[in-house]
Amino acid sequence: MSGLVLKLGPRERVLINGAVIENGDRRSRLSIVSPNANILRLRDAIHPDEARTPVRRLCYAAQLVLTGDANAEEAQPQLLRNVEELSRILTDPDSRKLLTTATEALLDGQFYQCLKALRALIPREDRLFAATRQ
């Protein structure tokens, strides 16, 4: 994950390789230059109780790798299978592009990029579920 720049708001927290780091009173930028650093903005973290839909469950599984609570080598094949299952359901071009990005990130071992692509699917998933309830 070399070259990642995090822009943090006041008092924003981020998890980097298992350590929680809290920003000070002003906005700031952190440049992450170490390759393969595991990073998760805590404001983006999904609580286990929120992982009730297919996309959120996938995001949560990727998140567990970033927090160090799951082994990347063991999680990767399952995540790939789940992304493939989602690609059979979400067939529109935008979703396919995000799922392709997530797959490529997984194959490269880039769980943050995978999580980022999957999180972009959450609003679409919410709209689909809302439409089925009406």
Side-chain angles (χ1 to χ4, degrees):
M1 188 169 298
S2 67
L4 177 67
V5 175
L6 293 174
K7 296 177 184 175
L8 302 175
R11 298 282 174 213
E12 185 173 356
R13 292 180 179 182
V14 64
L15 183 79
I16 300 176
N17 288 343
V20 175
I21 298 170
E22 183 176 72
N23 191 25
D25 292 329
R26 292 185 229 146
R27 297 185 63 75
S28 64
R29 291 172 32 141
L30 292 175
S31 295
I32 309 298
V33 295
S34 297
N36 303 319
N38 290 325
I39 298 166
L40 176 66
R41 285 179 183 269
L42 294 185
R43 72 176 185 200
D44 294 335
I46 294 176
H47 191 275
D49 294 339
E50 297 170 354
R52 294 184 298 258
T53 65
V55 173
R56 281 182 173 83
R57 280 193 291 271
L58 263 174
C59 289
Y60 184 70
Q63 175 181 304
L64 289 177
V65 174
L66 292 173
T67 61
D69 293 316
N71 180 288
E73 291 80 26
E74 293 173 9
Q76 184 186 39
Q78 183 63 42
L79 282 165
L80 284 168
R81 280 191 294 277
N82 291 344
V83 168
E84 178 60 30
E85 288 175 14
L86 264 183
S87 71
R88 292 185 202 132
I89 298 164
L90 300 174
T91 58
D92 62 281
D94 292 337
S95 296
R96 298 293 287 197
K97 183 176 179 182
L98 289 167
L99 290 167
T100 298
T101 300
T103 299
E104 290 169 354
L106 281 172
L107 291 172
D108 291 340
Q110 298 295 323
F111 290 88
Y112 177 81
Q113 296 301 327
C114 173
L115 177 61
K116 184 177 172 184
L118 292 172
R119 283 191 65 81
L121 290 169
I122 290 176
R124 183 173 310 255
E125 181 184 51
D126 289 344
R127 287 190 302 272
L128 288 171
F129 279 125
T132 61
R133 290 186 201 120
Q134 294 177 356

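All values below were derived from every heavy atom in this structure, side-chain atoms included, with hydrogens, water molecules and symmetry-related copies excluded.
Between Glu22 and Leu8, the closest side-chain pair of non-hydrogen atoms is not below 4.5 Å. Within the 4.5 Å cutoff, no side-chain heavy atoms of Val20 are placed close to those of Val14.
Scanning both residues, Arg41 and Glu12, for their nearest heavy atoms gives NH1-OE2, 2.5 Å. Shortest non-hydrogen contact noted between Ala51 and Tyr60 is CB-CB, 3.9 Å. Between Val65 and Asn71, the closest heavy-atom pair is CG2-O, 4.5 Å. The two atoms that bring Pro10 and Arg27 nearest to each other are CD-CG, 3.9 Å, heavy atoms only. Of all heavy-atom pairs between Leu118 and Cys59, the closest is CB-SG, 3.6 Å.
Atom CG of Leu99 sits about 6.0 Å away from atom CG of Leu86, to the nearest 0.5 Å. From Leu128, atom CG reaches atom CZ of Arg133 across 10.5 Å, with rounding to the nearest 0.5 Å. To the nearest 0.5 Å, atoms NZ (Lys116) and CD (Gln110) are separated by 12.0 Å. Atom CG of Leu106 and atom OG1 of Thr101 lie 11.0 Å apart (nearest 0.5 Å).
Taking Asp92 as the reference, Arg124 meet the salt bridge (charged side-chain N to carboxylate O under 4.0 Å, His left out) condition, with sequence neighbours excluded.
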Leu66/Ile39 under side-chain contact (heavy atoms from CB on, under 4.5 Å): CA gap, chis, key distance, verdict:
CA-CA 6 Å; Leu66 292 173; Ile39 298 166; 6.0 Å; no

Show your reasoning for whether side-chain contact (heavy atoms from CB on, under 4.5 Å) applies to Leu40 and Leu115.
CA-CA 9 Å; Leu40 176 66; Leu115 177 61; 3.7 Å; yes

Could you go through Leu15 and Asn38, starting from their C-alpha distance and side-chain angles, then the distance that decides it, and tell me whether this counts as side-chain contact (heavy atoms from CB on, under 4.5 Å)?
CA-CA 8 Å; Leu15 183 79; Asn38 290 325; over 6 Å; no

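Across Leu90, Thr53, Leu58, a single residue satisfies side-chain contact (heavy atoms from CB on, under 4.5 Å) together with Leu121, and that is Leu90. For the side-chain hydrogen bond (donor to acceptor under 3.5 Å, both in side chains) with Gln78, the qualifying choice from Gln76, Glu74, Arg81 is Arg81, the only one to do so.
Although no hydrogens or angles enter the test, the distance criterion places a donor-acceptor pair under 3.5 Å between the side chain of Arg57 and the main chain of Arg52. Ser95 contributes no side-chain N or O that, together with a main-chain N or O of Thr91, makes up a donor-acceptor pair within less than 3.5 Å. For the pair Arg96 (side chain) and Ser87 (backbone), a donor-acceptor distance under 3.5 Å is present. Distance alone, capped at 3.5 Å, is enough to place a donor-acceptor pair between the Asn23 side chain and the Arg26 backbone. Side-chain atoms of Gln113 do not come within 3.5 Å of backbone N or O of Ala105 as any donor-acceptor pair. A donor-acceptor contact shorter than 3.5 Å is absent between the side chain of Asp69 and the backbone of Leu64.
A salt bridge is defined here as a Lys NZ or Arg NE, NH1 or NH2 lying under 4.0 Å from an Asp or Glu carboxylate O, and Arg56 with Asp126 meets this definition.
Phe129 and Ile46 are members of different hydrophobic clusters when ILVMFWY side chains are connected at heavy-atom separations under 4.5 Å.
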